[in-house]
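First comes the structure, then the notes that go with it.
Keep in mind the model is a prediction, meaning the values are calculated, not measured. Heavy-atom basis, side chains included; hydrogens, waters and symmetry copies ignored.
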Amino acid sequence: MATTVTRVPVGDIDTTFKSNSVDLVNKALGSRILSFSDEWFAAAENLTTSTPPVRKPGVFTYAGAWYDGWETRRHNPEPFDWVVIRLGVASGRVKGVEIDTAFFNGNHAPEVGVQGCFVTGDDGDDKVKSKDFPDWETIMERQECGPSQRQAWLITGGSGKAYTHVRLQMFPDGGIARFRLYGEVMPVLPADVNEVFDLAATVNGGVAVQCSDQHFGTKDNLLLPGRGVDMGDGWETARSRGEHIDWTIIKLGTPGLLEKVVIDTAHFRGNFPQQVQVFAAPAAEQAPAHADAVWSEILTPQKTGPDVEHVYDGTVLRHTDNVYGFVKLVIIPDGGVKRIRVFGRQSPKTV
(Lines give C-alpha, C1' and ligand atoms only; values in the text may rest on other atoms or scores of the structure.)
Protein backbone atom coordinates (compact mmCIF):
# COMPACT_ATOMS: atom_id res chain seq x y z
CA MET A 1 0.00 0.00 0.00
CA ALA A 2 1.34 3.44 -0.93
CA THR A 3 2.09 5.94 1.81
CA THR A 4 -0.07 9.08 1.90
CA VAL A 5 1.23 12.27 3.53
CA THR A 6 -1.43 14.85 4.46
CA ARG A 7 -0.68 18.24 5.93
CA VAL A 8 -2.50 18.85 9.23
CA PRO A 9 -3.87 22.35 9.99
CA VAL A 10 -1.99 23.89 12.92
CA GLY A 11 -5.16 24.03 15.03
CA ASP A 12 -5.69 20.29 14.61
CA ILE A 13 -2.18 19.03 15.41
CA ASP A 14 -2.81 18.21 19.06
CA THR A 15 -6.21 16.61 18.50
CA THR A 16 -4.87 14.56 15.58
CA PHE A 17 -1.93 13.02 17.43
CA LYS A 18 -2.10 13.51 21.19
CA SER A 19 -5.02 11.20 21.95
CA ASN A 20 -3.64 8.05 20.31
CA SER A 21 0.09 8.53 19.81
CA VAL A 22 3.30 9.28 21.66
CA ASP A 23 6.32 11.29 20.62
CA LEU A 24 8.77 8.52 19.82
CA VAL A 25 11.80 10.87 19.91
CA ASN A 26 10.91 12.67 23.14
CA LYS A 27 14.14 13.27 25.05
CA ALA A 28 12.37 12.37 28.30
CA LEU A 29 11.90 8.81 26.98
CA GLY A 30 15.65 8.40 26.49
CA SER A 31 15.96 9.12 22.78
CA ARG A 32 19.50 9.99 21.68
CA ILE A 33 21.06 12.15 19.01
CA LEU A 34 23.68 9.84 17.47
CA SER A 35 25.16 12.02 14.75
CA PHE A 36 24.54 15.07 12.57
CA SER A 37 25.96 16.79 9.52
CA ASP A 38 26.43 20.19 11.19
CA GLU A 39 25.26 22.24 14.19
CA TRP A 40 27.27 25.42 13.87
CA PHE A 41 24.70 27.91 15.18
CA ALA A 42 22.52 25.75 17.48
CA ALA A 43 22.75 22.20 18.81
CA ALA A 44 20.86 19.27 17.34
CA GLU A 45 20.00 18.01 20.84
CA ASN A 46 17.51 20.87 21.20
CA LEU A 47 15.25 19.24 18.61
CA THR A 48 13.88 16.63 21.01
CA THR A 49 13.41 18.84 24.08
CA SER A 50 9.88 18.26 25.37
CA THR A 51 9.13 21.87 26.33
CA PRO A 52 8.18 24.53 23.75
CA PRO A 53 11.01 26.61 22.25
CA VAL A 54 11.90 29.96 23.83
CA ARG A 55 13.46 33.15 22.51
CA LYS A 56 16.30 35.30 23.91
CA PRO A 57 16.42 38.46 21.79
CA GLY A 58 19.80 40.15 21.74
CA VAL A 59 21.70 37.15 23.14
CA PHE A 60 24.67 36.06 21.03
CA THR A 61 27.21 33.25 21.24
CA TYR A 62 30.59 32.88 19.56
CA ALA A 63 28.81 31.39 16.52
CA GLY A 64 26.01 33.97 16.27
CA ALA A 65 22.53 34.69 17.62
CA TRP A 66 21.29 32.25 20.26
CA TYR A 67 18.48 29.93 19.11
CA ASP A 68 16.55 27.23 20.92
CA GLY A 69 16.73 24.64 18.18
CA TRP A 70 19.04 23.14 15.58
CA GLU A 71 20.69 25.50 13.09
CA THR A 72 23.40 24.75 10.53
CA ARG A 73 25.79 26.88 8.49
CA ARG A 74 24.72 28.66 5.31
CA HIS A 75 25.55 27.43 1.82
CA ASN A 76 25.53 23.68 2.47
CA PRO A 77 27.46 21.98 -0.38
CA GLU A 78 25.53 18.71 0.18
CA PRO A 79 21.88 18.13 -0.86
CA PHE A 80 20.70 18.31 2.76
CA ASP A 81 21.74 18.55 6.41
CA TRP A 82 20.70 15.71 8.70
CA VAL A 83 20.38 14.40 12.25
CA VAL A 84 20.28 10.70 13.19
CA ILE A 85 18.16 9.87 16.25
CA ARG A 86 17.71 6.65 18.23
CA LEU A 87 14.07 6.40 19.31
CA GLY A 88 13.32 6.56 23.01
CA VAL A 89 11.46 3.22 22.80
CA ALA A 90 12.41 -0.24 21.55
CA SER A 91 10.77 0.52 18.20
CA GLY A 92 7.75 2.34 16.87
CA ARG A 93 5.35 2.75 13.95
CA VAL A 94 5.12 6.31 12.68
CA LYS A 95 1.76 8.07 12.36
CA GLY A 96 2.87 11.66 11.91
CA VAL A 97 5.62 14.26 11.89
CA GLU A 98 5.68 17.73 13.46
CA ILE A 99 8.28 20.37 12.64
CA ASP A 100 8.26 23.57 14.69
CA THR A 101 10.33 26.44 13.27
CA ALA A 102 9.45 28.85 16.11
CA PHE A 103 11.61 32.02 15.98
CA PHE A 104 13.44 30.83 12.85
CA ASN A 105 12.39 33.41 10.26
CA GLY A 106 14.68 34.00 7.31
CA ASN A 107 16.92 31.21 8.54
CA HIS A 108 14.33 28.41 8.77
CA ALA A 109 14.51 25.08 6.95
CA PRO A 110 12.89 25.50 3.50
CA GLU A 111 12.04 21.80 3.20
CA VAL A 112 12.21 18.70 5.41
CA GLY A 113 12.00 14.93 5.08
CA VAL A 114 12.19 11.93 7.40
CA GLN A 115 13.82 8.53 6.87
CA GLY A 116 13.84 5.44 9.08
CA CYS A 117 15.50 2.07 9.59
CA PHE A 118 15.18 -0.97 11.85
CA VAL A 119 18.59 -1.95 13.21
CA THR A 120 19.32 -3.97 16.34
CA GLY A 121 22.42 -5.46 17.93
CA ASP A 122 25.24 -4.02 20.00
CA ASP A 123 26.72 -2.20 17.01
CA GLY A 124 23.40 -0.91 15.62
CA ASP A 125 23.89 2.69 16.74
CA ASP A 126 27.41 2.78 15.31
CA LYS A 127 26.16 1.57 11.95
CA VAL A 128 23.36 4.07 11.48
CA LYS A 129 25.23 7.16 12.63
CA SER A 130 27.62 6.89 9.68
CA LYS A 131 27.06 9.33 6.84
CA ASP A 132 27.37 6.39 4.45
CA PHE A 133 24.77 4.10 6.08
CA PRO A 134 22.89 2.69 3.04
CA ASP A 135 19.64 1.31 4.43
CA TRP A 136 17.50 4.39 5.08
CA GLU A 137 13.87 4.12 3.96
CA THR A 138 11.59 7.07 3.29
CA ILE A 139 8.99 7.71 6.01
CA MET A 140 7.98 11.16 4.78
CA GLU A 141 9.15 12.50 1.46
CA ARG A 142 10.37 16.06 1.08
CA GLN A 143 7.84 18.66 2.31
CA GLU A 144 7.81 22.44 2.16
CA CYS A 145 8.45 24.10 5.50
CA GLY A 146 7.49 27.65 6.58
CA PRO A 147 9.05 30.21 8.94
CA SER A 148 8.33 30.47 12.69
CA GLN A 149 5.37 28.07 12.90
CA ARG A 150 4.23 24.62 13.88
CA GLN A 151 3.54 22.35 10.93
CA ALA A 152 2.63 18.68 10.86
CA TRP A 153 1.85 15.86 8.45
CA LEU A 154 -0.32 12.77 8.96
CA ILE A 155 1.18 9.61 7.48
CA THR A 156 -1.21 6.84 6.46
CA GLY A 157 -1.02 3.67 4.41
CA GLY A 158 2.36 2.16 3.71
CA SER A 159 3.66 -1.05 5.22
CA GLY A 160 3.17 -0.09 8.87
CA LYS A 161 6.78 -1.05 9.48
CA ALA A 162 8.41 -0.39 12.84
CA TYR A 163 11.63 1.61 13.10
CA THR A 164 14.37 1.91 15.71
CA HIS A 165 16.16 4.96 14.26
CA VAL A 166 15.19 7.97 12.15
CA ARG A 167 17.08 10.55 10.14
CA LEU A 168 15.64 14.07 9.93
CA GLN A 169 16.59 15.77 6.66
CA MET A 170 16.72 19.55 6.15
CA PHE A 171 16.95 20.76 2.54
CA PRO A 172 19.45 22.31 2.07
CA ASP A 173 20.24 23.93 5.45
CA GLY A 174 18.79 26.32 8.04
CA GLY A 175 17.06 26.01 11.40
CA ILE A 176 14.39 23.91 13.13
CA ALA A 177 13.28 24.46 16.72
CA ARG A 178 11.57 21.15 17.53
CA PHE A 179 11.01 17.75 15.90
CA ARG A 180 8.17 15.46 17.03
CA LEU A 181 7.68 11.96 15.65
CA TYR A 182 4.20 10.73 16.58
CA GLY A 183 3.48 7.04 16.54
CA GLU A 184 2.69 3.77 18.22
CA VAL A 185 5.22 2.11 20.52
CA MET A 186 6.15 -1.47 19.64
CA PRO A 187 7.44 -2.64 23.03
CA VAL A 188 9.44 -5.70 24.00
CA LEU A 189 7.21 -7.26 26.65
CA PRO A 190 8.28 -10.01 29.09
CA ALA A 191 8.15 -13.52 27.68
CA ASP A 192 7.14 -14.84 31.10
CA VAL A 193 3.39 -14.38 31.65
CA ASN A 194 3.97 -14.21 35.41
CA GLU A 195 6.44 -11.32 35.30
CA VAL A 196 5.12 -8.10 36.85
CA PHE A 197 5.89 -4.83 35.02
CA ASP A 198 4.43 -1.36 34.47
CA LEU A 199 1.56 -1.87 32.04
CA ALA A 200 0.97 1.90 31.70
CA ALA A 201 4.51 3.08 30.93
CA THR A 202 4.98 4.80 27.59
CA VAL A 203 7.97 2.58 26.83
CA ASN A 204 5.66 -0.43 27.23
CA GLY A 205 3.01 0.99 24.91
CA GLY A 206 0.82 2.89 27.37
CA VAL A 207 -0.92 6.05 26.11
CA ALA A 208 -2.81 8.76 28.01
CA VAL A 209 -5.79 9.17 25.69
CA GLN A 210 -8.15 11.64 27.41
CA CYS A 211 -8.19 14.07 30.30
CA SER A 212 -10.46 16.65 31.87
CA ASP A 213 -7.84 19.42 31.97
CA GLN A 214 -4.10 19.90 31.48
CA HIS A 215 -3.68 23.61 32.04
CA PHE A 216 -0.15 23.53 33.48
CA GLY A 217 1.24 20.10 32.57
CA THR A 218 0.19 17.46 30.04
CA LYS A 219 -1.34 14.07 30.72
CA ASP A 220 1.37 12.38 28.61
CA ASN A 221 3.96 13.20 31.29
CA LEU A 222 2.26 10.79 33.70
CA LEU A 223 3.67 7.76 31.86
CA LEU A 224 7.29 8.89 31.36
CA PRO A 225 10.27 7.12 32.97
CA GLY A 226 11.76 8.34 36.25
CA ARG A 227 10.50 10.95 38.70
CA GLY A 228 11.28 13.96 36.52
CA VAL A 229 13.12 17.17 37.33
CA ASP A 230 10.43 19.70 38.34
CA MET A 231 6.68 20.39 38.23
CA GLY A 232 6.91 21.08 34.51
CA ASP A 233 7.18 17.40 33.58
CA GLY A 234 4.08 16.22 35.41
CA TRP A 235 0.32 16.54 34.89
CA GLU A 236 -1.23 19.58 36.54
CA THR A 237 -4.73 21.00 36.24
CA ALA A 238 -6.13 24.49 36.81
CA ARG A 239 -7.38 25.53 40.24
CA SER A 240 -11.04 24.76 40.82
CA ARG A 241 -13.61 26.21 43.15
CA GLY A 242 -16.30 24.23 44.93
CA GLU A 243 -16.97 20.54 44.41
CA HIS A 244 -14.80 19.24 41.57
CA ILE A 245 -12.67 16.38 40.20
CA ASP A 246 -10.15 16.05 37.39
CA TRP A 247 -9.26 12.83 35.56
CA THR A 248 -7.02 11.15 32.98
CA ILE A 249 -7.82 7.96 31.02
CA ILE A 250 -4.88 5.70 30.16
CA LYS A 251 -4.81 2.89 27.63
CA LEU A 252 -2.51 0.17 28.95
CA GLY A 253 0.22 -1.11 26.67
CA THR A 254 -1.27 -4.58 26.96
CA PRO A 255 -4.34 -5.89 28.83
CA GLY A 256 -3.42 -7.30 32.21
CA LEU A 257 -4.15 -8.34 35.78
CA LEU A 258 -3.36 -5.49 38.15
CA GLU A 259 -1.28 -5.95 41.29
CA LYS A 260 -0.05 -2.51 42.36
CA VAL A 261 -0.60 1.16 41.56
CA VAL A 262 1.95 3.87 42.35
CA ILE A 263 0.92 7.54 42.26
CA ASP A 264 3.85 9.94 42.58
CA THR A 265 3.46 13.61 43.58
CA ALA A 266 7.18 14.39 43.20
CA HIS A 267 7.84 18.18 43.15
CA PHE A 268 4.16 18.96 43.80
CA ARG A 269 4.43 20.37 47.31
CA GLY A 270 1.73 23.04 47.61
CA ASN A 271 -0.47 21.89 44.76
CA PHE A 272 -0.81 18.11 45.13
CA PRO A 273 -4.35 16.62 45.03
CA GLN A 274 -6.15 16.18 48.33
CA GLN A 275 -7.19 12.66 47.28
CA VAL A 276 -6.68 10.21 44.44
CA GLN A 277 -9.02 7.52 43.14
CA VAL A 278 -8.51 4.86 40.43
CA PHE A 279 -10.93 3.06 38.12
CA ALA A 280 -10.30 0.34 35.52
CA ALA A 281 -12.16 -0.91 32.42
CA PRO A 282 -11.88 -3.92 30.09
CA ALA A 283 -9.85 -3.75 26.88
CA ALA A 284 -11.73 -2.38 23.86
CA GLU A 285 -11.08 -0.80 20.46
CA GLN A 286 -12.12 2.63 21.77
CA ALA A 287 -11.43 4.11 25.18
CA PRO A 288 -14.56 4.42 27.32
CA ALA A 289 -15.76 7.91 28.11
CA HIS A 290 -15.29 9.32 31.59
CA ALA A 291 -18.94 8.72 32.59
CA ASP A 292 -19.37 5.27 30.98
CA ALA A 293 -20.78 2.53 33.20
CA VAL A 294 -17.96 0.09 32.33
CA TRP A 295 -15.57 1.60 34.89
CA SER A 296 -14.91 -0.38 38.09
CA GLU A 297 -13.52 1.40 41.13
CA ILE A 298 -10.29 -0.41 42.01
CA LEU A 299 -9.04 2.19 44.51
CA THR A 300 -11.37 4.18 46.73
CA PRO A 301 -10.42 7.83 47.42
CA GLN A 302 -7.13 7.98 49.30
CA LYS A 303 -5.57 10.99 51.02
CA THR A 304 -2.31 12.09 49.42
CA GLY A 305 0.71 14.13 50.46
CA PRO A 306 3.36 16.34 48.88
CA ASP A 307 6.41 15.09 46.97
CA VAL A 308 5.99 11.37 47.71
CA GLU A 309 5.35 8.05 45.96
CA HIS A 310 2.03 6.63 47.16
CA VAL A 311 1.95 2.83 46.83
CA TYR A 312 -1.35 0.95 46.70
CA ASP A 313 -1.09 -2.84 46.58
CA GLY A 314 -3.38 -5.82 46.97
CA THR A 315 -4.26 -4.80 50.52
CA VAL A 316 -6.30 -1.85 49.24
CA LEU A 317 -6.88 -2.53 45.53
CA ARG A 318 -10.24 -4.06 44.63
CA HIS A 319 -11.46 -6.28 41.75
CA THR A 320 -7.94 -7.36 40.81
CA ASP A 321 -9.09 -10.73 39.42
CA ASN A 322 -10.33 -9.06 36.24
CA VAL A 323 -8.31 -8.30 33.11
CA TYR A 324 -8.24 -4.59 32.30
CA GLY A 325 -7.16 -2.58 29.27
CA PHE A 326 -7.78 0.94 30.59
CA VAL A 327 -7.17 2.81 33.84
CA LYS A 328 -8.67 6.13 34.93
CA LEU A 329 -6.84 8.29 37.46
CA VAL A 330 -9.10 10.72 39.34
CA ILE A 331 -7.71 13.56 41.43
CA ILE A 332 -9.88 15.32 44.00
CA PRO A 333 -10.46 18.20 43.57
CA ASP A 334 -7.52 19.23 41.32
CA GLY A 335 -3.74 19.64 41.41
CA GLY A 336 -0.63 17.96 40.11
CA VAL A 337 0.65 14.39 39.80
CA LYS A 338 4.08 13.51 38.47
CA ARG A 339 3.68 9.83 37.50
CA ILE A 340 1.30 6.90 37.69
CA ARG A 341 2.62 3.33 37.51
CA VAL A 342 0.23 0.43 36.99
CA PHE A 343 2.04 -2.80 37.78
CA GLY A 344 0.58 -6.09 36.69
CA ARG A 345 0.89 -9.25 34.63
CA GLN A 346 -0.10 -9.74 31.02
CA SER A 347 -3.37 -11.46 30.35
CA PRO A 348 -2.63 -15.05 29.24
CA LYS A 349 -4.66 -14.33 26.09
CA THR A 350 -2.14 -11.67 24.97
CA VAL A 351 1.00 -13.77 25.45
Side-chain angles (χ1 to χ4, degrees), residues 2-18 21 23-27 31 33-56 63-85 87 94-117 131 136-158 163 165-183:
T3 298
T4 301
V5 178
T6 306
R7 194 174 184 109
V8 179
V10 64
D12 296 337
I13 294 174
D14 290 345
T15 55
T16 299
F17 297 115
K18 293 193 174 181
S21 306
D23 178 9
L24 301 170
V25 296
N26 186 348
K27 187 180 295 183
S31 68
I33 305 293
L34 299 182
S35 58
F36 46 81
S37 58
D38 182 84
E39 57 172 5
W40 174 257
F41 290 108
E45 68 176 12
N46 293 328
L47 286 167
T48 56
T49 301
S50 56
T51 52
V54 297
R55 189 184 182 199
K56 295 182 180 180
W66 184 92
Y67 277 90
D68 185 10
W70 170 50
E71 186 183 1
T72 65
R73 291 177 177 87
R74 296 188 186 211
H75 316 306
N76 181 18
E78 300 292 332
F80 56 85
D81 276 317
W82 50 268
V83 176
V84 174
I85 304 172
L87 303 190
V94 178
K95 297 181 179 179
V97 171
E98 179 183 342
I99 298 291
D100 189 347
T101 54
F103 312 120
F104 287 96
N105 190 342
N107 57 347
H108 63 281
E111 295 179 303
V112 295
V114 180
Q115 299 172 310
C117 66
K131 175 185 175 181
W136 292 111
E137 302 175 4
T138 298
I139 295 176
M140 183 180 79
E141 66 268 21
R142 197 166 168 170
Q143 302 290 326
E144 185 177 353
C145 202
S148 196
Q149 60 189 279
R150 292 178 72 190
Q151 47 234 310
W153 299 267
L154 177 66
I155 299 172
T156 55
Y163 298 100
H165 300 76
V166 293
R167 182 166 74 165
L168 173 63
Q169 301 169 290
M170 177 165 60
F171 299 88
D173 51 47
I176 297 171
R178 295 290 187 267
F179 171 45
R180 310 294 188 216
L181 189 72
Y182 298 113

* Asked: Does NZ or CZ of Arg142 lie under 6.0 Å from the centre of the six-membered ring of Phe171, at an angle within 45° of the ring axis?
  -> yes
* Report yes if the side chains of Phe17 and Leu154 come closer than 4.5 Å at any heavy-atom pair, otherwise no. => yes
* From NZ (Lys95) to CG (Leu24), nearest 0.5 Å -> 9.5 Å
* Salt-bridge contact Arg150-Glu98 (side-chain N to carboxylate O under 4.0 Å) -> yes
* **Near-ring test Tyr67/Phe104, centroid separation under 6.0 angstrom** => yes
* Going by heavy atoms in the side chains, are Leu168 and Phe80 under 4.5 Å from each other? -> no
* Asked: Is a salt bridge present between Asp68 and Arg178, judged by a nitrogen-to-oxygen distance below 4.0 Å?
  -> yes
* Structure fact -> dist Asp23:CG -> Ser31:OG (nearest 0.5 Å) comes out at 7.5 Å
* Close side-chain approach of Val25 to Leu47, heavy-atom, < 4.5 Å -> no
* Structure fact -> In terms of heavy-atom contacts, Glu144 and Arg7 come closest through O-NH1, 3.3 Å
* To do: With rounding to the nearest 0.5 Å, note down the distance linking OG1 in Thr138 to CZ in Arg167.
  => 9.5 Å
* Hey, does Phe179 have a side-chain heavy atom less than 4.5 Å from the side chain of Val97? -> yes
* Min side-chain heavy-atom separation Gln169-Trp136 under 4.5 Å -> no
* **Sidechain-backbone polar pair: Asn76 side chain, Asp173 backbone, donor-acceptor under 3.5 Å** => no
